[in-house]
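Here is the structure we will look at.
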Protein chains: 2
Amino acid sequence: MLFTTATGYALRALAGLPEDGSFCLAKDLAARLGIPGPYLAKILQGLVQADMLESVRGPKGGFRLTRPAHRITVGEVVVALEGADTLEGCIMGFPTCSGDHPCPLHEAWGAVKTQISSSMTEATIRDLQLMDLKHLKDAKGHAAVKP
Amino acid sequence: MLFTTATGYALRALAGLPEDGSFCLAKDLAARLGIPGPYLAKILQGLVQADMLESVRGPKGGFRLTRPAHRITVGEVVVALEGADTLEGCIMGFPTCSGDHPCPLHEAWGAVKTQISSSMTEATIRDLQLMDLKHLKDAKGHAAVKP
DNA sequence: TAATAAAAAGATAAATCAGTCCTAAATTAG
DNA sequence: CTAATTTAGGACTGATTTATCTTTTTATTA
């Protein structure tokens with residue numbers, strides 16, 4: 001994986017929340033996604049501060065999206081959890097590497113950064129929901145063939 | 001940087017060793033590269049076990065390449081220090097992501113992996129030497145203009 | 001109002017990475 | 001043979017990431 005596990009958990013959590021305005025408990029979400037509960041709770045707190053989730057405490061409380069899923073980009077989540085310059089710098093860490101004095105991977109890595117960055121700003125949480133829905137549907141279809 | 005600092009240090013160290021068959025002391029190399037000495041020594045030990053360096057103990061000892069620099073690829077060094085599957089898996093860590101059920105970044109990330117992998121197996125330590133030589137030459141040229 | 005349920009917040013482990021330090025082993029020079 | 005030099009190997013420290021636990025705060029419900 002290119003990102004940290006916390007970022008991966010955050011993306012899966014956002015994609016796993018309902019879009020009907022109902023609240024979802026951290027521990028239910030964690031159980032459904034197979035993610036450590038207390039750790040996910042911490043990550044959800046961060047997403048609340050980053051204004052992607054809102055939370056309500058007490059009975060009937062939980063978390064929900066502050067915006068429709070197609071208005072939250074993958075890039076926004078990555079920046080919130082890892083900072084804006086995740087992909088900056090020489091791929092091999094050479095201090096002398098620059099546009100004027102490129103390392104042998106400089107050009108390839110530059111193209112990668114451009115490609116990944118634009119993919120991240122284009123892809124939204126909605127796209128992640130659709131992927132998981134498709135996966136579930138296909139899995140069900142296969143099972144239905146069996147009996 | 002995409003790789004660990006240890007991998008970056010290893011690449012810089014290999015590129016900084018002479019190719020004339022002479023031995024170089026770990027601490028001299030560390031001083032020249034601006035890398036913490038004891039840490040570099042550890043990394044060099046690993047490169048000996050990976051058969052990219054050979055070492056001799058005692059006075060007049062040190063480290064040298066086991067092969068010409070153009071016979072050691074960047075990919076080989078990365079694999080030795082980080083394992084073969086550094087770039088494996090979904091970029092976002094989605095367990096459901098696969099060729100059949102791709103995440104929105106699957107295709108872009110796949111292209112990236114192919115591109116970076118082939119660049120890494122093509123680029124050699126010799127290319128890194130040339131880059132640094134060019135950098136030094138250019139810097140000297142600029143300084144020469146001054147007085 | 002009292003009991004309960006849930007997130008917020010902070011302290012505490014465990015694991016990995018980056019870096020240091022010390023002792024042992026090997027080689028050379030005198 | 002002895003002393004000096006240098007790598008080998010292991011134990012150790014500190015920072016960050018991952019994960020857990022406990023306490024506090026907020027909200028609901030009876």
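Predicted model only: the values in this text are computed from it and were never measured. Residue numbers begin at 1 in each chain, while the letters A, B, ... track the order of the sequences.
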Outer limits of DNA chain C sitting under 4.0 Å from a non-hydrogen atom of chain B, read 5' to 3', are dA18(C) to dT28(C)
query = Side chains of Asp20(B) and Ser22(B): do they bring a donor and an acceptor to under 3.5 Å?
reply = yes
From CD of Glu54(A) across to P of dA27(D) the rounded distance in Å is 13 Å
Donor + acceptor pair across side chains of Asp132(A), Thr96(B) (<3.5 Å): yes
Taken to the nearest whole Å, CG/Leu25(B) to P/dA8(D) is 12 Å
Heavy-atom nearest nucleotide on DNA chain D taken for Gly58(A) and for Lys42(A); more 5' hit belongs to Lys42(A)
Note: for Thr4(A) and Pro59(A) on DNA chain D, the residue whose nearest nucleotide lies more 5' is Thr4(A)
| query | What nucleic acid atoms does Ala26(B) come within less than 4.0 Å of, heavy atoms only: base, sugar-phosphate, or nothing? | reply | sugar-phosphate
Here the distance between atom P of dT6(D) and atom CG of Leu29(B), to the nearest Å, is 14 Å
Out of dT28(D), dT18(D), dA8(D), minimum distance to the side chain of Tyr39(A) belongs to dT18(D)
With sugar-phosphate meaning primed atoms plus P, OP1 and OP2, does Pro38(A) contact a base, only sugar-phosphate, or nothing at under 4.0 Å between heavy atoms?
-> base
Thr66(B) and Glu54(B) have their tightest heavy-atom pair at CG2-N, 3.5 Å
Nearest heavy-atom approach of Ala13(B) to Leu40(B) is CB-CD1, 3.8 Å
In whole angstroms, the gap separating C1' of dT25(D) from CD of Gln45(A) amounts to 12 Å
Between CG of Leu40(B) and C1' of dT6(D) the distance, given in whole Å, is 14 Å
Minimal heavy-atom distance between Leu105(A) and Ser119(B), with the atoms involved, is CD2-CB, 3.3 Å
Whole-Å distance, Lys27(A) NZ to dT20(D) P, equals 16 Å
Rounded to whole Å, CZ of Phe23(A) lies from C1' of dA27(D) at a distance of 12 Å
Open item on the list: Taking CD in Glu19(B) as the centre, count heavy atoms belonging to other residues, nucleotides or ligands within less than 6.0 Å. Is the count above 12?
Closed with: yes
Please check if Val56(B) and Leu53(B) belong to a single hydrophobic cluster, counting links between Ile, Leu, Val, Met, Phe, Trp and Tyr side chain heavy atoms closer than 4.5 Å.
no
message: Under 4.0 Å, heavy atoms only, any strand: does Leu44(B) hit a base, just the sugar-phosphate, or nothing?
response: nothing
Whole-Å distance, Phe63(A) CZ to dA27(D) C1', equals 14 Å
Does dG9(D) have OP1 or OP2 under 4.0 Å away from a side-chain N or O of Gln49(B)? yes
- Message: Under 4.0 Å, heavy atoms only, any strand: does Tyr9(B) hit a base, just the sugar-phosphate, or nothing?
- Response: sugar-phosphate
